[in-house]
Structures are given as C-alpha cells and as structure tokens.
Protein chains: 2
Amino acid sequence: MFNRFIKVASDLVTTHDQIRAGFLSIALEKNRVSDPYVKNALAFKTMVQGTNDPEDFLNMPKIRPFLLTASGLSDKAMQHLRDNDQTAAIKELIEKFLKPAGENYVDEVIYRYLLIKGDAVGGVMRNRIGVIGQEKLIRAILSCINVRGINYSWMKNNKQHNWLYGENNDIDIEKEIKALHWMNKNGSRILIFNMKVPVVKKNIDICLFDGKSEEFNRGKIVQKINKAIMFGELKGGIDPAGADEHWKTANTALDRIRESFNKVNHPVMTSFVGAAIENSMAVEIFSQLQNKKLTNAANLTNSNQLTEYCNWLLDI
Amino acid sequence: MFNRFIKVASDLVTTHDQIRAGFLSIALEKNRVSDPYVKNALAFKTMVQGTNDPEDFLNMPKIRPFLLTASGLSDKAMQHLRDNDQTAAIKELIEKFLKPAGENYVDEVIYRYLLIKGDAVGGVMRNRIGVIGQEKLIRAILSCINVRGINYSWMKNNKQHNWLYGENNDIDIEKEIKALHWMNKNGSRILIFNMKVPVVKKNIDICLFDGKSEEFNRGKIVQKINKAIMFGELKGGIDPAGADEHWKTANTALDRIRESFNKVNHPVMTSFVGAAIENSMAVEIFSQLQNKKLTNAANLTNSNQLTEYCNWLLDI
DNA sequence: TATACTCGAGTGA
DNA sequence: GTCACTCGAGTAT
C-alpha cells in the first residue's frame, strides 16, 4: 500500500478548517507584504508637495517608476514594452485621469499606483505561499529524520555547494535547505528541491537521487540518469478553487517526467503532495495510485499522510 | 495536413509584437477596471471626515466591507472565514496599522484598501482577458462564415434558448454568442462555447456537435455522446511566462476529454488554440498534431492560422 | 538569459 | 452550494 492514511480517495480531501486557517495566514502575511507600498505612497505624497498640476510630474524624473505603475503597467508588462510605449502610458495617465481629477490629482495618482501595486502584492504572496509549502515539507522530513535518529547532512541554498552536518537542534534550517543527504537500507540518498532536470528539461520540486554526498558534484548529479529514483510535484496553495487547475498542471508535469525517463529506459517513481485537494481530483489521484502511475501522494495539510510520505521518501 | 500555416513547430510561436500589443491593451483595460475602486476610496475619504480616531470606524457599520478589505481579506478569502474571524481582522488592522499611523490613519486605511483591491482588479482583468479571447475566436468564425456565405443561426448567452437568424451585419454579436448552428457537407452542426459536458464532468471551451438546431434542446445535446464531434481548449492570455503553465493545464484537460470519450467508445477530435505559445510547448503541440493525438491547433494571434482553424471547424 | 516556476484574485456553469 | 473555469502578478533556475 502507498500510504497507510489514504485508504479511500476522500481521505485525500482538504478539510474546511485547514482551508480557513490557510486563508487567515494569507491575510496576515499580505498585510506585512503591503507595508512598503504604503510607505512608498506616503513618500510620494511628500515628494510632490509643491506641485500645482499633474504636468509638473513630467519634470520629476525620480518619480517616473511611480508614474509608470500608476499608468497601469506591471513590472512584467514593462519587460515587453519600449521606452516610448511607457512614456505614452504616463501621458495618457495625466490626460485621461489626473487632469480630470482637478485638485485631487495627487490622490488620484497615488490611488492608481496602489491599485496596480496591489496586483504585485498578490504576485509576491503567491510566491511566498509556494515557498512556505516547500518549507513545511522539508520540516516534516527533518522531523522524521530526527525522530528516527537518522544521520543526515544538508546543503544551503547558495553557491557554496558544501554539505553541512545535520544537528538535532536544526531550528529553521528548512528555510535554507537546497538538498539533503542520508543513508538508508538501499544505499546513499540525495534529495534536491526545485532543480532543473536535463532529461526532462524542466524544473522539478522534489528530486530524489541515489548517490553519495560527493556525487552531488555541484548539482551535476541531475545529469546522471541512472541515479534518478523518484520525482515529485508539490503544490502548497490552499485555495480550493485553484485545486483542480493546479493538479492538472502537476499531472502534465508528472507525465513529462515519466515519459522523459521512460524514453531513456530508466523509469522513475513519481509522487504528488498538495495542500488543496478536492473530491474529484482526489478520485483521479487515488486511481493513479492504485494503477501505480503515481507511486505515492499526500495532503500537505494532513500530518499523518505527510509523515507517512516523508518516511517513505527516506526509505526508498 | 492539419493546418496549412503550421509547417514546423516554430510556426506556432507568438511574436514579440503580439506580446507587446497584448500587454499594452491589458494596461488600458486595467485603468478602466480600476476606476470604480478609485471612486470608492474617494467616497470613503468623505464618509470618514469627522472621525478623530480609527476606533471611530467600529461604530460605522456601513464601512465594514471597506475595512474588511483593508484588513487584508479578499472576497474569496471571506467565503472561507467566519464572522468572528472577520471582526478580528478589522480589530487587528486598527491596532497594528491604523493606530500606529497616528493622524495619517485615514490615508493608511485607504491605501491598504486599494492594495488589496488591486489584487481584485487583477482577478477581474484575468477573467476579461479570457472573455476577449473567446470573442476573438467567435469573431474569426463569423468572418469565415460571412466570407463563405454560409447560412447560420446563433443563440444568445441567456436562458431564452432560441435560435436567431444570422445576419451579415452582425457587428459585435460575438459578445453575446453562446452557440452557433450551420450546415456543412457532413450534416448539421452546433458549436457551443464554455459548456459542461457530462461525459467528462468538466467545462469545455469549444464544443462541436452533430445536430439540427432543434436538437440543441436547451443545452441537453451535451448529454448525447454520439453527437459529439470535436472539443477544443482555448487560452486567450498573452503572457509568455504563463504559456507553458497554461498549456500543461490544457493538456490534462484535453487528455480527460479523450479518455472520457474513449471510455464510452466514441472517440472525438481535439484541438488547441492559444495566444501565448512558446518554443518548447510548440514542439509538444506540433508533435501531438503529427501523431494525431491533437487534431488541429492555432495561435490565436496569427490570423492565417486562426482562419485556417475556423474553416476547418466549419467543415468537419 | 531563456524558460518555466509560485498560486489565488476574480468569474460562472 | 459545488465545482472548476479565467490568466498574469510575482519569482527562480
């Protein structure tokens, strides 16, 4: 059996309480992320004291980035635009919105800046939520390692590429772990997070290789097809409305992994860990587990399933 | 051959110019969508004139929705929270951010409201972009119909379910079309957009059925397995960074369609139309076209490919 | 540096 | 109510 705590498909489904908790923590974090933009707006308000007309903004090169945002351009959009597109956007902002606002033109430009940056805050948040999911998984793995008294080493998420000896008082190291190494009954194991795997030509969240610590070789182990053991997709988001959407993405990603490794005659195991699992996708996941398309799975918000998944990961 | 204008994979790739144009039109539209929120903020500012302290807000029930937003809660999040969660969020907003802001507490609450609503503006925009993509496809189909002098009828996107005779001066009807009907050499055809198909248990963007207009039967034709001809996924977004992400989603969606109809022994054709197509996914799409997993495809921003796709749709 | 990762803000059937 | 659609705001490798 793949996971003792997944006996029927519905065991995979996320509870309402977990969803509520997830959205609450998003709101808290969003307030922190918002802070600098509030400050920017206040600073802008000070900087443009003394102007009498929105046209005056055009003579203040320092506020161009602020105006570009206020004119509706995300940083992402700007990468695809030319300088004159951007200047045109600012002029349109002034003509269409700031001049009609009359004496309220300062509020108008600040309000528009904040609306556009609010979308940016959303983007930053989504990345954070993903990182937090990864940290939660790593923390769970470390807990299993510690409970079982397994010796391990870990590598930081920087360019040093040196293994650090795993201590028992390893508080908060999940925030800086790129890779883990340990031994099990089958041999030496290296687990890497978020790595581009050349055979697939794609990034993969969870990558398990057979290899001694020195075989990590500055990340080059990902090129050794024969060392690959298991790959997993991790989805840390809690939104039930996004659950099926992101499972569809993960499903294609996992298919690409299987196909790429089958093509080089080295089939690998695959797994899925998700925080937002709804009924209909749970049925698909469970069915893939039964027919062994998927080797293992867990709901990230279910500590039993997660522990079971981590122990399996440590043992294969 | 599937499409005369797709001879090699790279023919599918979106040009830089189209990407630029897409982001420019997003910025324009975003400014329009932002407008009401700017007005809300100005209205709030007026309403709270006369308050001296953020605590005063607690006695103004009318501004509770505004405060909820300012406290970091999206409308989506609120669906998953209880009343006391929401009240707690407002109290935290006041204690943690508004009181520390001192006499600037009104600006602070307005700025936070706008940042959170900015994320909402992003959400509204994404839905609009999707709708605009659908309208672009429908317009292209109508153009082909008109150029070829095909008689057609169409049904509005409402509960009436009556067929309207297609005129040649059909300006802007793409905005209200739910379904189209016409005849071709193979029989009577009904094309429905954005319908849940029971066999798949999922919504599908483009649904082509064999059926006389009366067989539409208030949408019940989607239950007639034998009437199904072709299903397509449409992705109207322009962002190249999202291209592979959304193609992965579409790919699983198309797989579900094929599997569901194969299971009931009625294989159907499938197709993909996308505005953001990058090289690597173009290779996958082209390969699926060659091995006939995918029956046809087009880049929504390439009018040759799109016209070819629409004519194919009218003829199958 | 090209490429593809993070996920929920909306919406509607 | 339930479910799953829209897509780009960021980010990183």
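What's counted below: heavy atoms across the whole structure, side chains too, no hydrogens, waters or symmetry copies. Sequence lines set the chain letters: A, B, ... in the order given, protein chains first and strands last, and positions in each chain run from 1.
- When heavy atoms are screened at a 4.0 angstrom cut-off, B:Ala120 is found touching the sugar-phosphate backbone but no base atom.
- As rounded to whole Å, 17 Å separates atom P of D:dA9 from atom CD1 of A:Ile129.
- B:His16 has its NE2 atom 12 Å from the C1' atom of C:dT1, to the nearest Å.
- Ion pairing of B:Lys30 with B:Asp35 is absent here, as no side-chain N (NZ or NE/NH1/NH2) approaches a carboxylate O to less than 4.0 Å.
- Among the protein residues, B:Phe193 comes within range of no part of the nucleic acid, since none of its heavy atoms lies under 4.0 Å from any strand.
- Residue A:Gln79 contributes atom CD, which lies 12 Å from atom C1' of C:dT1 at whole-angstrom precision.
- Across the protein-nucleic acid pair, A:Asp244 atom CG and C:dA13 atom P stand 18 Å apart, rounded to whole Å.
- Side-chain nitrogen and oxygen atoms of B:Lys202 include none within less than 4.0 Å of the OP1 or OP2 phosphate oxygen of D:dC3.
- Aromatic ring centres of B:Phe231 and B:Phe209 lie closer together than 6.0 Å.
- Between D:dG8, C:dT6, D:dT13, one nucleotide has an atom nearer to the side chain of A:Asn157 than all others, and that is D:dT13.
- The residue among A:Met195 and A:Asn127 whose nearest nucleotide of DNA chain D lies closer to the 5′ end is A:Asn127.
- Regarding A:Asp75, its CG atom lies at a distance of 5 Å from the P atom of D:dG10, rounded to whole Å.
- Mapping A:Gly133 and B:Met281 onto DNA chain C by nearest heavy atom places B:Met281 at the nucleotide closer to the 5' end.
- Contact of A:Glu245 with D:dC7 (side chain to base): a donor-acceptor pair of N or O atoms is detected under 3.5 Å.
- Comparing B:Ile26 and A:Lys178 by the nucleotide of DNA chain D whose heavy atom lies nearest to each, the residue mapping closer to the 5' end is B:Ile26.
- Dashed line: the shortest gap from a side-chain N or O of A:Lys248 to OP1 or OP2 of D:dC5 is under 4.0 Å.
- At a threshold of 4.0 angstrom between heavy atoms, the contacts of A:Gly237 are confined to the sugar-phosphate backbone, with no base atom among them.
- At least one donor-acceptor pair under 3.5 Å links the side chain of B:Asp239 to the backbone N or O of B:Gly242.
- In this pair, B:Phe23 and A:His80 present their aromatic rings parallel. The plane angle is below 30°, not in the 30 to 60° band.
- One can place CG of B:Leu115 at 13 Å from C1' of D:dA9, the figure rounded to the nearest angstrom.
- Residues B:Asn194 and B:Gln134 bring a donor and an acceptor atom of their side chains to less than 3.5 Å of each other.
- B:Asp17 and B:Thr15 form no side-chain donor-acceptor contact under 3.5 Å, judged by distance and modelled atom types alone.
- For the side chain to side chain contact (heavy atoms under 4.5 Å, CB included) with B:Lys248, the qualifying choice from B:Asn251, B:Thr252, B:Asp244 is B:Asp244, the only one to do so.
- Between the side chains of A:Arg258 and A:Thr270, a donor-acceptor pair is found at a separation under 3.5 Å.
- Contacts of B:Leu234 with the nucleic acid, taken as non-hydrogen atoms under 4.0 Å apart, involve only primed sugar atoms and P, OP1 or OP2.
- When the side-chain nitrogen and oxygen atoms of A:Ser280 are compared with OP1 and OP2 of D:dC3, none of them lie within a distance under 4.0 Å.
- Between the CD1 atom of A:Ile204 and the P atom of C:dC5 there is a distance of 8 Å, given to the nearest Å.
- End-to-end axis angle of the helix from C:dA2-D:dT13 to C:dA13-D:dT2, using five pairs per end and rounding to 10°, comes to 30°.
- Among the heavy atoms of the strands lying under 4.0 Å from B:Asp205 are primed sugar atoms or P, OP1, OP2 only; no base atom is included.
- For the OP1/OP2 pair of C:dA9 and a distance below 4.0 Å, the side-chain nitrogens and oxygens of A:Lys30 include at least one atom meeting the criterion.
- Between B:Phe272 and B:Trp247, the ring-plane angle classifies as perpendicular under the 30° and 60° cut-offs.
- Both B:Ile116 and B:Asn279 sit near DNA chain C, but only B:Asn279 has its closest nucleotide nearer the 5' end.
- Using a 4.0 Å heavy-atom cutoff across all strands shown, A:Gly123 reaches at least one base atom of the nucleic acid.
- Using a 4.0 Å heavy-atom distance criterion, B:Gly236 is classed as a sugar-phosphate-only contact.
- B:Lys76 contributes a side-chain N or O that forms a donor-acceptor pair with the base of C:dA9 under 3.5 Å.
- For A:Ile277 and D:dC3, the CD1 to C1' distance is 16 Å, given to the nearest whole Å.
- Which of C:dC7, C:dG10, C:dC5 sits closest to the side chain of B:Val124 comes down to C:dG10.
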